[in-house]
Amino acid sequence: MSEEKPQDINQVMKARLEKLAQITEKNVNPFTYNYDREHFASDILEQFDQYENKEVSVAGRIMALRRMGKAAFAHIMDSSARIQIYVRLDDVGEAEYEIFKLLDIGDIIGVKGPVLKTHAGEITIKVTQLELLTKNLRPLPIVKEKEEEGKKVTYDAFSDTESRYRQRYVDLIVNREVNTVFMKRAKVISAMRQYLDDKGFLEVETPVLQPIYGGATARPFTTHHNALDMKLYMRIADELYLKRLIVGGYDGVYEISKDFRNEGIDRTHNPEFTMMELYVAYKDYYYMMDLVEDMVTSIAKNVLGTMKITYQGQEIDLTPPWKRVSLYDAIKEYTGMDLYGKSLEELKAAAKQLNVETEDFWGGGKILDEIFSEKVEEHLVQPTFIIDYPVELSPLAKKHRKDPRLVERFEPFIAGREIGNSFSELNDPLDQRERFERQMALKEAGDEEAQILDEDFLRALEYGMPPTAGLGMGVDRLVMLLTDSPSIRDVIFFPTMRPEN
RNA sequence: GAGGGUGUAGCUCAGCCGGUAGAGCAGCGGCCUUUUAAGCCGUUGGUCGUGGGUUCGAUUCCCGCCACCCUCACCA
């Protein structure tokens, strides 16, 4: 990558280096220190009447260049938009025009001059002063656009996914929509933070490096601390530490941060991903359902200004209230089978009848979960809370107040996809210890994702944790939904990839 | 991890049944002081992902490897 050998430098780069030398010879610094830009392209374009004939100064990257001998048109792009500039020998003078002739697409320049409209009607800065700020040495993909019968036609789009992800900086320069997605991502996170702060919850930070991992069923990344000579895990969830803070007396804490899971990569999974976890004392999962509805709709309003979104062609209405259906009722609705209270053998038979494959060592909860994900999940396009899961699937959730075989847990589904997980938190340390022990038994039996007994977490619970509602939400998936992105890699700047060579 | 697909110039692509490569844009040279996929004339550029094999000869056929994409499995 950066260690390219001289013979790898193509002739375009050679030509640019040659120009760079010529610019330097003319005593012009091709990599300047600053520029007093006073305007953004978008402001000029949007409020042309206020800017017409007024002097502006704008800085940006040359994205298109049409030379005509002693004059030229170019488009420069700043963080806000692209705007046309008109550079004329008579306007900028001999010396500056000589420099201008050495510029290329990709160079970053600052221009000053009055704003006008060309004969063709395009808002344009008529340049009187032009300064090279940064010379480009590597050719940029040239994307051209044309209006045809009102439609925008794009030529030679920079579309190779691999290059786009590896060289996201180029993707961002050349593909404007990409930038829009990431702007929305930033807004989603800030709207979320705003919402949680307004509720009075405290944003906290807990360890990423953990001696014992927990809080989710997943395989961890391991690492090693040299000075302590100890094995450490990258966290798979924040849960156990945040609950310790509830024990410590906080009423509500949340954390927005990266979790790491050592599992497969696909359209909806990246090894590191952004998670929001929230724990609120004295509340239960009903409270949390209301909060999720309210928070997601508030974010949508804030970022998109609407409750009605389209995801991959599906019309989705986020307007509350969202449907609330028990896991068993949902299965019944889509398979016609009532599986509540069924024995393991009966569940296995049901799965077989539904053509859902199971493994011999699976328990009833796992079979139910499998039937649900194969037969129900995809149908949950409109926002739906699936509530009340079998106890064995949720070792950290509190037993249902009306049915000890269930836990008070829900997962919100939108567009057939799980976007979060929440429960009334288990705060009975004796029950928690038993659940951990059952997990450890699974681990012994070879279940790599079974959870590990955390003695310190149990100690914390023994001091007493108030009734608490907890929530985890996949931020990347929420962003995918709100930006109509088909792949998680489209909402992560630098998705995990194998190295280039 | 399994199956399928893709990999040719800086970008986007063409290259039929094997004869060592083409286009547009970008680049370079020339003309051009309101163009907008600017235009016109000329021109450079490729160890055809990589390593083997078959063949007189491979971008093209076969095999291994690498990367990416899709589907499935695991999961959020």
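Protein chains get the first letters and strands the later ones, always in sequence-line order, with residue 1 at the start of each. Heavy atoms only: backbone and side chains are in, while hydrogens, waters and symmetry mates are out.
Ring-centre distance between A:Phe385 and A:Phe410: below the 6.0 Å cut-off. In this structure, the ring of A:Phe100 has its center less than 6.0 angstrom from the ring center of A:Tyr97.
Across all strands shown, B:A9 remains unpaired; no Watson-Crick or G-U wobble contact has both distances below 3.5 Å. Nucleotide B:G3 forms a pair with B:C70, judged by Watson-Crick or G-U wobble geometry with both contacts under 3.5 Å. Across all strands shown, the partner of B:U43 is B:G27, judged by Watson-Crick or G-U wobble contacts whose two distances both fall under 3.5 Å. Shown here, B:U34 forms no base pair; nothing in the strands shown gives a Watson-Crick or G-U wobble contact with both key distances under 3.5 Å. Applying the Watson-Crick and G-U wobble criteria (two distances, each under 3.5 Å), B:G64 pairs with B:U50. Base pairing analysis places B:C16 opposite nothing; no Watson-Crick or G-U wobble pair with both distances below 3.5 Å involves it.
Checked against B:C69, B:U34, B:A26, the side chain of A:Met497 finds its nearest nucleotide in B:C69. Nearest nucleotide to the A:Ala15 side chain, out of B:C28, B:U36, B:A67: B:C28. Checking B:U36, B:C68, B:A26 against the side-chain heavy atoms of A:Arg16 singles out B:A26 as nearest. Checked against B:U12, B:C74, B:U33, the side chain of A:Ala71 finds its nearest nucleotide in B:U33. Between B:U71, B:G45, B:U33, one nucleotide has an atom nearer to the side chain of A:Asp90 than all others, and that is B:U33. Proximity note for A:Pro141 (side chain, C-beta onward) versus B:C11, B:U71, B:U35: the nearest is B:C11. The side chain of A:Ser159 sits closest to B:U12 out of B:C74, B:U12, B:U35. For A:Gln84, the listed nucleotide lying nearest its side chain is B:U35; candidates were B:U35, B:C68, B:G27. Distance from the side chain of A:Arg498 is smallest for B:C68 among the nucleotides B:C68, B:C25, B:U12.
Protein atom CE of A:Met63 is 12 Å distant from nucleotide atom C1' of B:C11, rounded to whole Å. For the pair A:Phe100 CZ and B:U33 P, the interatomic distance rounds to 14 Å; values are reported in whole Å. Summarising the geometry, the separation between NZ on A:Lys19 and P on B:G29 is reported as 7 Å, rounded to the nearest angstrom.
Distance check, rounded to the nearest 0.5 Å: CZ of A:Arg164 to CZ of A:Phe158 gives 8.0 Å.
Nearer the 5' end of RNA chain B, as judged by each residue's closest nucleotide, is the contact made by A:Ala64, out of A:Ile419 and A:Ala64. Take the nearest nucleotide of RNA chain B for A:Glu374 and for A:Ala157: the residue whose nucleotide is more 5' is A:Ala157.
Note on A:Arg88: every side-chain N or O is 4.0 Å or more away from OP1 and OP2 of B:C32. For B:A38, one of the phosphate oxygens OP1 or OP2 lies less than 4.0 angstrom from a side-chain nitrogen or oxygen of A:Lys144.
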Open item on the list: If you apply the rule ring-ring contact (aromatic ring centres under 6.0 Å, His included), what do you find for A:Phe182 with A:Phe493, and how did you get there?
Closed with: CA-CA 8 Å; A:Phe182 286 99; A:Phe493 275 128; 3.9 Å; yes
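No N or O donor and acceptor, one from the side chain of A:Glu122 and one from the base of B:U34, sit under 3.5 Å apart. Donor-acceptor pairing under 3.5 Å, judged by distance alone, is present between the side chain of A:Asp266 and the base of B:C74.
Under the ring-ring contact (aromatic ring centres under 6.0 Å, His included) criterion, A:Phe273 pairs with no residue at all, not counting sequence neighbours.
In A:Glu177, the CD atom is crowded: over 12 heavy atoms of neighbouring residues, nucleotides or ligands sit closer than 6.0 Å.
Sorted by residue number, the list of members of residues 387-398 of chain A with any non-hydrogen atom under 4.0 Å from RNA chain B is empty.
Across the P atoms, B:A38 and B:U44 are found 24 Å apart, a figure rounded to whole Å.
Shown here for A:Ile236 and A:Phe260, the closest heavy-atom pair between the two residues is CG2-O, 3.3 Å.
For the pair A:Arg409 and A:Tyr389, the cation-pi criterion (under 6.0 Å, within 45° of the ring axis) is fulfilled.
For B:C66, the O4'-C1' to base torsion is more than 90° from 0; the nucleotide is therefore anti.
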